[in-house]
Structure formats: structure tokens, C-alpha cells
Amino acid sequence: MDSLLGESHVPPGELTKAPNNGPAYVGKFLLHSSRIAGPGIPLAHSPVDQRATEFSFGSHHRGFINFAFVDGHVQSVNTQLSSRLAGHLANRHDGQTIGEF
């Protein structure tokens, strides 16, 4: 089960402001529509999480991030999910089978 898309970490005060956030259809800034997952890129625990990077997934919900998966289901994922497991969920070519998480 691979993730297709998820909510973006956007620091407070940066909603709708380039380059951290904005409409994906503009295509001018990579950060408007791109986030990555894997070792070294933690999921943001909150909008003010200092560990998160501009490429982290995150949300303004406390403790979870919503993701849509390639099989069509939507799931809230706990922000405590390891960056290693998040990387496996984001990489359909790694050959890893992910069970319940």
C-alpha cells in the first residue's frame, strides 16, 4: 500500500505565501506541490515543529496527517510514524510490503 499524496507542513504565517505554500497549478515553486518522506525527513508533529523541514509532510491537526493512498482510501497517519516507514510508504519501487501501521 503506497501513499499518493498527503498534507503539507506549512509553518505558521506561511499559508498561501510563496515559496512555502501556494496553489499547485502555478508550478512556479517546487514547495507548492511537493513533499518527500524517508530517513532524515521527519513528519511534522505540529505547525511549529522545529524538527520538520520545508519538505516534510504535516498538518494543522494535532497528532495526525491525512494521506490518500493509491488504492483509493484515505487514512489519518499518526505523526509518530518513523521516517523510515514513511519512506517505504512513499516509495512504490522499494519492494517492501507494508502491513498495518
Side-chain angles (χ1 to χ4, degrees):
M1 164 178 32
D2 294 318
S3 60
L4 178 64
L5 56 98
E7 294 181 280
S8 302
H9 168 66
V10 180
E14 296 297 316
L15 286 173
T16 72
K17 294 182 181 176
N20 291 319
N21 188 242
Y25 65 84
V26 172
K28 186 175 179 181
F29 298 105
L30 181 64
L31 291 176
H32 284 188
S33 61
S34 299
R35 295 300 187 264
I36 57 177
I41 307 293
L43 297 177
H45 289 237
S46 74
V48 295
D49 188 345
Q50 297 297 312
R51 301 171 320 109
T53 75
E54 63 271 14
F55 290 106
S56 291
F57 286 99
S59 76
H60 283 251
H61 310 291
R62 294 284 178 186
F64 68 92
I65 303 166
N66 292 310
F67 284 90
F69 290 80
V70 296
D71 66 358
H73 85 279
V74 175
Q75 180 175 336
S76 296
V77 174
N78 190 306
T79 57
Q80 298 295 326
L81 185 77
S82 74
S83 61
R84 181 191 58 77
L85 183 52
H88 289 308
L89 289 169
N91 184 356
R92 66 181 178 167
H93 295 294
D94 69 358
Q96 297 295 314
T97 301
I98 307 297
E100 295 297 318
F101 55 93

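For the single chain, residues carry numbers from 1 onward in sequence order.
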How long is the span from the CD atom in E14 to the OG atom in S8, to the nearest 0.5 Å?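 E14 CD to S8 OG: 13.0 Å, rounded to 0.5 Å.
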
How many angstroms lie between atom CD of Q80 and atom CG of L85, to the nearest 0.5 angstrom?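 Answer rounded to 0.5 Å: 13.0 Å.
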
Applying the 4.5 Å side-chain criterion to the ILVMFWY set and letting contacts propagate, would L5 and V74 be lumped into a single cluster?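 In one cluster: no.
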
Any side-chain donor near an acceptor of the partner, [X] and [Y], under 3.5 Å:
X: E7; Y: H60; value: no
X: R51; Y: H45; value: yes
X: N66; Y: S76; value: yes

Hey, are the side chains of [X] and [Y] touching, using non-hydrogen atoms and a 4.5 Å cut-off?
X: H9; Y: P11; value: yes
X: P47; Y: R62; value: yes
X: L81; Y: L89; value: yes

Using the rule given for side-chain contact (heavy atoms from CB on, under 4.5 Å), can you reason through R35 versus S56, listing the C-alpha separation, both sets of side-chain angles and the distance that settles it, and then say yes or no? CA-CA 6 Å; R35 295 300 187 264; S56 291; 5.7 Å; no

Side-chain (N21) to main-chain (T16) donor-acceptor, under 3.5 angstrom: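 A pair under 3.5 Å: yes.
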
Are the side chain of S34 and the backbone N or O of F55 linked by a donor-acceptor pair below 3.5 Å?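 Not a single qualifying donor-acceptor pair exists.
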
Work out which heavy atom in [X] is nearest to a heavy atom in [Y]; give both atom names and the distance.
X: A86; Y: A37; value: O-CB, 3.6 Å
X: I41; Y: I36; value: CG2-O, 3.5 Å
X: L43; Y: T79; value: CB-O, 4.1 Å
X: G40; Y: S83; value: N-OG, 3.9 Å

Check the orientation of F67 and F69. Use parallel for under 30°, tilted for 30 to 60°, and perpendicular for over 60°.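 Tilted: the ring planes of F67 and F69 meet at 30° to 60°.
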
